Each structure stands twice: as structure tokens, then as C-alpha cells.
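Written out below as C-alpha cells is the structure these notes cover.
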Protein chains: 2
Amino acid sequence: MVHNRIALFRTERGLSRKELADLVDVNPQTIGFLERGSYSPSVECALRLAKVFNVSVDALFSLKPFPALSTQLSVQKTP
Amino acid sequence: MVHNRIALFRTERGLSRKELADLVDVNPQTIGFLERGSYSPSVECALRLAKVFNVSVDALFSLKPFPALSTQLSVQKTP
DNA sequence: ACTATTTGTTTTGTTTAAGCAACATTAAAT
DNA sequence: ATTTAATGTTGCTTAAACAAAACAAATAGT
């Protein structure tokens, strides 16, 4: 089982699945299946996805679950 | 088409395909198919491979061909 | 030498999963 | 209510992964 941050990165950039699919050159349904973890992509597809987001494959996919973003946030001090 | 450095990393560490396969928990034949580029692995398999070599997936797989090692070497000066 | 025996790699089916195409559903908005 | 955009589902095709067997090369035995 492999975890990913596709939905997170996509929504952060304000992209629909169709728009992302066009950028990655893959079917919109495939993005859907990937986001809800129905299957894990080929490394080729993973490389293309990472390229679109301009991140490493390792930042996008992981064998261990990604920590929730809320646990990563710290309170920002006003200077 | 996706390129990889599996054979390079494996031989550098003095591993046989069977030994690598055991570490990655995959069939030795699969390593063979991957090394000679017959197919590109799932990102899950790629993550496990990268973990064994202790490198990032991006260091092991690429959409563009990896440069030959000989072109990356510079002459070492004796001090 | 000759040939067993091991070790490493490649080939041949077979099974399972990724990816696609087309259709179905949902949501929002007007 | 009907359009439109976004997401979800179903069935099919192709490719990844496996299992087992074939092949190759080196080593050990007698």
C-alpha cells in the first residue's frame, strides 16, 4: 500500500482532476483512482506527476502515511 | 519510457539479482526485467528499491536518460 | 578431462493490477 | 428543472509481477 499527496497538491494549486490529468497526460479517471488510493501508479506516471507539481517523487508518494498537515503547523508569531 | 540505475547501484554494492530481489521483496526475474528496461515498475516497487539503496526515487528513475558515468568523472589530482 | 553441482540470468506462460473509454452520478448554479 | 462542471463506477485492454522452467557460466569431485 502506497500513500500519496496528489489531492492535496492538486487542490492547493486550484486544479480540477481534469486539468491535472491534461497536464500529466493521463485520463481524469486515473487521477481519481490514484487520489482515493485504489491503485498505485507506474513510476513513469509518478515521475510525470511529480514534474507537474515540481516536487520529487518522494515528496508525493510514500510507503508510510503522510502526517496530517494540521500536525505539521506551528503557531506563527507576529514580529 | 523510463530509465533507471538499478543495475549500476546493484553491482556497485556487489549484489546479485537474487540478493537484491530478496531485499526488495520481489522476484529475481522482476529485477532482470527492470534492469534491461522491459517494463517500468509500480511506484511502490520503486520506493522499496530506493529504500534498499538509500537513495531517492528520483536518483534511481528518470524520464530522461541518465548521463554515462564516464562523462561525470573528472581527473583526480594527486595532492 | 568430464560432468555434477551450484549460482546467476533469461525465457515462457499465467495471474493480477494499472490505465483507458464510456457511462452514471452528484453538486451547484441559475 | 436543466445545464454544466466535477467526480465516481463499470467493463475492457495492456502491462507489471509472479512461478516455474530453461539456459549459461563458473566451480568442485572423482
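Quantities reported herein were computed from a predicted structural model and do not represent experimental measurements. So you know, we letter chains A, B, ... as the sequences are listed, proteins then strands, and number each from 1.
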Which whole-number value in Å describes the distance from F61(A) CZ to dA18(C) P? 12 Å
Under the rule for side chain to side chain contact (heavy atoms under 4.5 Å, CB included), what residues qualify as partners of D22(A), not counting sequence neighbours?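 Checked D22(A) against side chain to side chain contact (heavy atoms under 4.5 Å, CB included); matches are K18(A).
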Could you list the residues that satisfy side chain to side chain contact (heavy atoms under 4.5 Å, CB included) with A7(B), not counting sequence neighbours?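 A7(B) satisfies side chain to side chain contact (heavy atoms under 4.5 Å, CB included) with E35(B) once adjacent residues are dropped.
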Please list, by residue number, the residues of residues 19-58 of chain B whose heavy atoms come closer than 4.0 Å to an atom of DNA chain D; answer none if no residue qualifies. V26(B), N27(B), Q29(B), T30(B), S38(B), Y39(B), S40(B), P41(B), S42(B), C45(B)
Please state whether the phosphate of dT9(C), meaning OP1 or OP2, lies under 4.0 angstrom from any side-chain nitrogen or oxygen of R10(B).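 Answer is yes, contact under 4.0 Å.
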Can you pull out every ring-ring contact (aromatic ring centres under 6.0 Å, His included) where at least one residue sits in residues 49-73 of chain A? Sequence neighbours excluded, please.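 Found F9(A)-F53(A).
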Residue pairs, two or more places apart or on separate chains, that pass ring-ring contact (aromatic ring centres under 6.0 Å, His included) and touch residues 16-42 of chain B: F33(B)-Y39(B)
Sequence neighbours left out, what passes salt bridge (Lys or Arg N to Asp or Glu O under 4.0 Å) with R5(A)? Give chain and number order.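 Applying salt bridge (Lys or Arg N to Asp or Glu O under 4.0 Å) to R5(A) gives none.
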